[in-house]
Amino acid sequence: MNQPAFRAPKGTFDFVPPRGEAILAVRDAMAEPLRHAGYGYIETPSFEETALFARGVGESTDIVTKEMYSFTTRGGDEVTLRPEGTAPVLRAALENGLHRGALPVKLWYSGSYYRYERPQKGRYRHFSQVGAEVLGTEDPAVDAELIVLAMDAYRSLGLTGVHVVVNSLGSEESRPAYRAALQEYLRGLDLDEDTARRVEINPLRVLDDKRPEIQAALADAPVISDFLSAADRSHHDMVRSLLTDAGVPYRDDPRLVRGLDYYTRTLFEFVHEGIGAAQSAVGGGGRYDGLSELIGGPRLPSVGWALGADRTLLAMEAEGLPLPGRSGVDVFAVPLGEEAARTLFGVVAELRRAGVRADMSVGGRGLKGAMKAADRSGARLAVVIGERDLAENVAQVKDLESGEQQGVALADVLGHVTKRLASPA
RNA sequence: GUGGCCGUAGCUCAGCAGGUAGAGCACCUGGUUGUGGUCCAGGAUGUCGCGGGUUCAAAUCCCGUCGGUCACCCCA
């Protein structure tokens, strides 16, 4: 194969039509429930000071230790392409004083994220997600609300294989006791070097290890639920019962932990089986009551999630769902000759301004070729003009499904076409 | 960072007891000097990923390299 001079960087890929429309439609579908629930849109830069992630996400996480796209600017600043959205959004909220107004502050966002990893199915160096954060309340209702909104989004895309898994990691008060107990248990196991190190740095993440021998060794490990304070327990119970009230089934997984250090209490993941053996999460999130203080802000208990747009598209493809997103036109103009092309150019512009999705054949193709293009465009109607029509000031409007064609005065094309499109095919 | 598999036309792939490249789909033209979808006829397109080796001869065998992909660790 003739190698193109340039290709997409390792771990990245392009969305070309019709998948291009599909990924856009997925993002729209994820945002829709949020916009209807009073969430405001926030947009932050694609990169931040490296220290924001180091402190916010956690020095001991894999994200920070080996997966960040970091570089030094010409001015000597250390910056990093954002590996996740929560820390930047919280930073922006604090910087803009959003937390000084009425609480909670509900925000949503959509954009690109970057992690320097070895790519595989569903895991890329550049990915896109839609996120939502509710800042400034401990009310379990918002934890549940977010989960419900996410499930509504998945359902609106037609997905049936997305399941919610929930857990509670406990508050800053109760988690240390669990951490210590787990650590003690893990130290008693015969573990490989890397895992042993992880036991010392972040023992909870060992629970996430997928290797069967590790999972077997964890069978008798202490469980977080035994360490939850009364307040933590009632918070978690409330979240779960609200989910039940909202008709959202969920699964408890006391082993669920996630790769970011800032989570407290509620933790959840949206899983799907179709996106590769290694990863099953199409979205996830949790509560982060201490993150604001970690990055120098006031106490601001909050909860949020991020849904992976490209992973969700993979899940849809795995379920055999048709690609979402509509492109194409309703009307396709076919000119015969230069004079007709000039006339149709104006007609098409008029149609488009009136809100009719329209395209026309260009490049001086023959009638047959132009009609073929009309057919491929998926348009319902073709507007054909040739010399004879020009002389009579008419256009031929052809129904591309039935093949019926009728002459319409040039001045009436817009009205005629609009009327035809308004009636069902 | 580690391992498996794979690189042939725009796409999906065949060809591999070595003899110098094919199919389907897609695309273009014509059959129909003003009408698409079906049909028929014709056409264009490949440094067979790259480099080296073996051989009279390599898409085919060997080595290396690059790229892709899947998986591990971990994550959306």
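In what follows, every chain begins at residue 1, and chains take the letters A, B, ... in the order their sequences are listed. Because only heavy atoms are used, hydrogens play no part in the values below, and waters and symmetry mates are left out as well, while side chains stay in.
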Dot-bracket for RNA chain B, please, read 5' to 3', with Watson-Crick or G-U wobble pairs under 3.5 Å on both distances, ( ) within the strand, [ ] crossing, | other strand, . unpaired.
-> (((((((..((((.....[..)))).(((((.......))))).....(((((..]....))))))))))))....
Say whether A/D389 and A/Q396, considering side chains only, have a donor N or O and an acceptor N or O under 3.5 Å apart.
-> yes
Which part of the nucleic acid does A/R125 contact within heavy-atom distance under 4.0 Å: base, sugar-phosphate only, or nothing?
-> nothing
A/Q120 vs B/rA71: side-chain N/O to OP1/OP2 distance below 4.0 Å = yes
Whole angstrom value for the distance that separates C1' of B/rG30 from CZ of A/R365 = 15 Å
Could you state the atom-to-atom distance from CG of A/N202 to C1' of B/rC74 in whole Å?
-> 12 Å
Do A/V206 and A/V199 come within less than 4.5 Å of each other through their side chains, counting heavy atoms only?
-> yes
Counting primed atoms, P, OP1 and OP2 as sugar-phosphate and everything else as base, the B/S/- map of nucleotides 31-44 of chain B against protein heavy atoms under 4.0 Å is B--BBBB-------
Nearest heavy-atom approach of A/D232 to A/S171 is OD2-N, 2.9 Å
Will you find, in the side chains of A/Y288 and A/E133, an N or O donor that is under 3.5 Å from an N or O acceptor?
-> yes
With sugar-phosphate meaning primed atoms plus P, OP1 and OP2, does A/A281 contact a base, only sugar-phosphate, or nothing at under 4.0 Å between heavy atoms?
-> sugar-phosphate
Tell me, yes or no, whether the heavy-atom count around A/E49 atom CD, taken from other residues, nucleotides or ligands under 6.0 Å, exceeds 12.
-> no
A/D330/A/R380 salt bridge by N-O under 4.0 Å criterion | no
Touch class at under 4.0 angstrom, heavy-atom based, for A/G122 against every strand present | base
Taking the P atom of each, how far is B/rU8 from B/rC13, in whole Å?
-> 9 Å
What residue pairs, at least two apart or across chains, pass salt bridge (Lys or Arg N to Asp or Glu O under 4.0 Å) with a residue in residues 12-30 of chain A?
-> A/R19-A/E317
Once you round it to whole Å, what is the distance between P of B/rC70 and NZ of A/K10?
-> 12 Å
Across all chains, not counting sequence neighbours, the ring-ring contact (aromatic ring centres under 6.0 Å, His included) partners of A/Y69 are A/Y116
With sequence neighbours excluded, residues passing side chain to side chain contact (heavy atoms under 4.5 Å, CB included) with A/A196 = none
Closest heavy-atom contact between A/A340 and A/L390?
-> N-CD2, 3.7 Å
A/G283 vs A/F13, nearer the 5' end of RNA chain B by closest nucleotide = A/F13
Under 5.5 Å between ring centres and under 30° between planes: does that hold for A/F127 against the base of B/rA76?
-> yes
Rounded to whole angstrom units, what separation is found between the OH atom of A/Y124 and the C1' atom of B/rA71?
-> 13 Å
When rounded to the nearest Å, what value does the distance between C1' atoms of B/rA58 and B/rG19 take?
-> 10 Å
Whole-Å distance, A/E67 CD to B/rC72 C1', equals 14 Å
A/W108 and ring pair (Phe, Tyr, Trp, His ring centres under 6.0 Å): which partner among A/W305, A/Y41, A/Y39?
-> A/Y41
If we take the P atom in both B/rA57 and B/rA9, what is their distance in whole Å?
-> 26 Å
Enumerate all atom pairs, one protein N or O and one N or O from nucleotides 3-5 of chain B, separated by less than 3.5 Å.
none

Over how many whole Å does the gap from A/L307 atom CG to B/rA76 atom P extend?
-> 12 Å
Determine the contact category for A/Y113: base if any of its heavy atoms lies under 4.0 Å from a base atom, sugar-phosphate if only primed atoms, P, OP1 or OP2 are that close, otherwise nothing.
-> nothing
Expressed in angstrom and rounded to an integer, what is the separation of A/E117 atom CD from B/rU2 atom P?
-> 16 Å
Taking syn as any angle within 90 degrees of 0 and anti as the rest, which one fits B/rA17?
-> syn
Taking the P atom of each, how far is B/rC56 from B/rG43, in whole Å?
-> 39 Å
For B/rG24 and B/rA14, measure between their C1' atoms and round to the nearest Å.
-> 10 Å
Pick base, sugar-phosphate or nothing for A/V282, based on heavy-atom distances below 4.0 Å to the nucleic acid.
-> sugar-phosphate
Among A/T137, A/L94, A/V105, find the residue that satisfies the side-chain contact (heavy atoms from CB on, under 4.5 Å) test when tested with A/L300.
-> A/L94
Between B/rC63 and B/rU54, how far apart are the P atoms? Round to whole Å, please.
-> 15 Å
Nearest-Å distance once atom C1' is located in both B/rU38 and B/rG31 | 14 Å
Is there a donor in the side chain of A/E84 and an acceptor in the side chain of A/Y262, or the other way round, less than 3.5 Å apart?
-> yes
If we only count heavy atoms from C-beta on, is the A/L24 to A/F15 side-chain gap below 4.5 Å?
-> no
Picking from B/rA76, B/rG67, B/rC70, which would you name as closest to the side chain of A/R123?
-> B/rA76
Mind checking the P distance from B/rG7 to B/rC50? Whole angstroms is fine.
-> 14 Å
Mind calculating the distance between CZ (A/R7) and C1' (B/rU69) to the nearest angstrom?
-> 13 Å
